Amino acid sequence: SSTIGLGDTLAIDISIDGLEDDHLSVFDSNVSYDESILSFDSYSLGDQLGELEEDPIGALDLSLGDLGMGLINLAELSLLWDFSFQPDAFTLATVIFTADALGESELAIMGSSFSNDVILGDEQASPLFASLEDGTVSVSPASVPEPGTVVLMLVGIGGLGLWKRR
């Protein structure tokens, strides 16, 4: 859960942990949010399933991105053979939002575009099962100091300067 100011941007990491002896090679899920409070800016996928930019055979970005109606689809398929480098916990994706209105938006991980369930699979295409944790984002007014506070602080600093000069 996070609190941000109106107009601020927020990066949310979608992570997986507890893989231990398993290795993740594919995922597909949707992230839901309240589009009257937040607007979707962009997403980036992590590199633990293979590099997307540097190695064209490392991983495929199968994400559909912004589906509208407060849904973002994130999906990636690894084309790697060796998963021994993969840690037990890592970031699958980072989603960036902008706060457009005051209020609270739930962020929930939901089933993918092709299934009612979040798809997680290992290197043999066997399903992996996970418990999901949702979060909330609260958007509050941006904190701006009142003019009276700023004037009082400047008078105090000026008084200290005069006192030191004496």
Side-chain angles (χ1 to χ4, degrees), residues 1-101 103-140 142:
S1 297
S2 300
T3 301
I4 60 172
L6 188 61
D8 290 347
T9 58
L10 175 69
I12 300 291
D13 287 336
I14 299 171
S15 302
I16 188 166
D17 65 14
L19 286 173
E20 297 171 10
D21 295 330
D22 293 318
H23 300 107
L24 183 72
S25 67
V26 63
F27 75 92
D28 188 0
S29 66
N30 287 338
V31 177
S32 70
Y33 65 99
D34 186 339
E35 63 183 350
S36 68
I37 296 175
L38 300 173
S39 61
F40 168 71
D41 290 338
S42 63
Y43 73 91
S44 61
L45 298 174
D47 61 0
Q48 294 299 322
L49 299 185
E51 293 289 332
L52 294 167
E53 294 86 19
E54 296 174 14
D55 186 0
I57 61 166
L60 296 174
D61 180 357
L62 303 175
S63 305
L64 299 175
D66 187 7
L67 301 174
M69 300 180 299
L71 286 176
I72 303 162
N73 176 258
L74 301 170
E76 186 175 10
L77 171 66
S78 177
L79 301 174
L80 299 176
W81 294 96
D82 180 18
F83 288 93
S84 61
F85 67 91
Q86 196 175 70
D88 292 344
F90 57 91
T91 300
L92 295 173
T94 301
V95 182
I96 299 176
F97 295 99
T98 298
D100 291 334
E104 188 171 283
S105 173
E106 181 179 4
L107 297 175
I109 299 174
M110 308 170 46
S112 70
S113 301
F114 305 104
S115 167
N116 290 332
D117 299 319
V118 173
I119 296 172
L120 299 171
D122 68 9
E123 63 270 24
Q124 279 86 33
S126 299
L128 296 174
F129 300 98
S131 60
L132 305 174
E133 294 181 29
D134 298 336
T136 58
V137 175
S138 298
V139 179
S140 61

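Values in this document were obtained by computation on a predicted structure and should not be read as measured data.
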Are [X] and [Y] packed together at the side-chain level, in the sense that at least one heavy-atom pair is separated by less than 4.5 angstrom?
| X | Y | answer |
| --- | --- | --- |
| Leu74 | Phe27 | yes |
| Asp28 | Leu62 | no |
| Gln86 | Leu49 | yes |
| Leu24 | Leu92 | yes |

Calculate, to the nearest 0.5 Å, the distance between atoms [atom1] and [atom2] belonging to [X] and [Y] respectively.
| X | Y | atom1 | atom2 | value |
| --- | --- | --- | --- | --- |
| Asn73 | Leu64 | CG | CG | 4.0 Å |
| Ser84 | His23 | OG | NE2 | 7.0 Å |
| Leu71 | Asn30 | CG | CG | 5.5 Å |
| Ile72 | Asp66 | CD1 | CG | 6.0 Å |

Glu35 to Met69 - nearest heavy-atom pair and separation: OE2-CA, 3.3 Å
Criterion side-chain contact (heavy atoms from CB on, under 4.5 Å) on Leu38 and Leu107, from CA distance to verdict: CA-CA 10 Å; Leu38 300 173; Leu107 297 175; 4.2 Å; yes
Pair listing, ring-ring contact (aromatic ring centres under 6.0 Å, His included) test, anchored in residues 62-91, at least two apart: none
What pairs with [X] under side-chain hydrogen bond (donor to acceptor under 3.5 Å, both in side chains), at least two apart in sequence or on another chain?
| X | result |
| --- | --- |
| Ser63 | Asp61 |
| Asp34 | Ser36 |
| Asp100 | Ser39 |

Test applied, side-chain contact (heavy atoms from CB on, under 4.5 Å); reference residue, Leu60; option that passes from Leu79, Val26, Leu45: Leu79
Expected output: side-chain Asp134 to main-chain Ile109 donor-acceptor under 3.5 Å: yes
Whether Asp122 side chain and Ala125 backbone form a donor-acceptor pair below 3.5 Å: yes
For Phe97, all residues meeting ring pair (Phe, Tyr, Trp, His ring centres under 6.0 Å), sequence neighbours excluded: Tyr33
Gln124, CD atom: more than 12 neighbouring heavy atoms under 6.0 Å: yes
Indicate every side-chain donor-acceptor pair of residues 12-19 with a distance under 3.5 Å to a residue at least two apart or in another chain.
unit_1, atom_1, unit_2, atom_2, d
Asp13, OD1, Thr94, OG1, 2.7

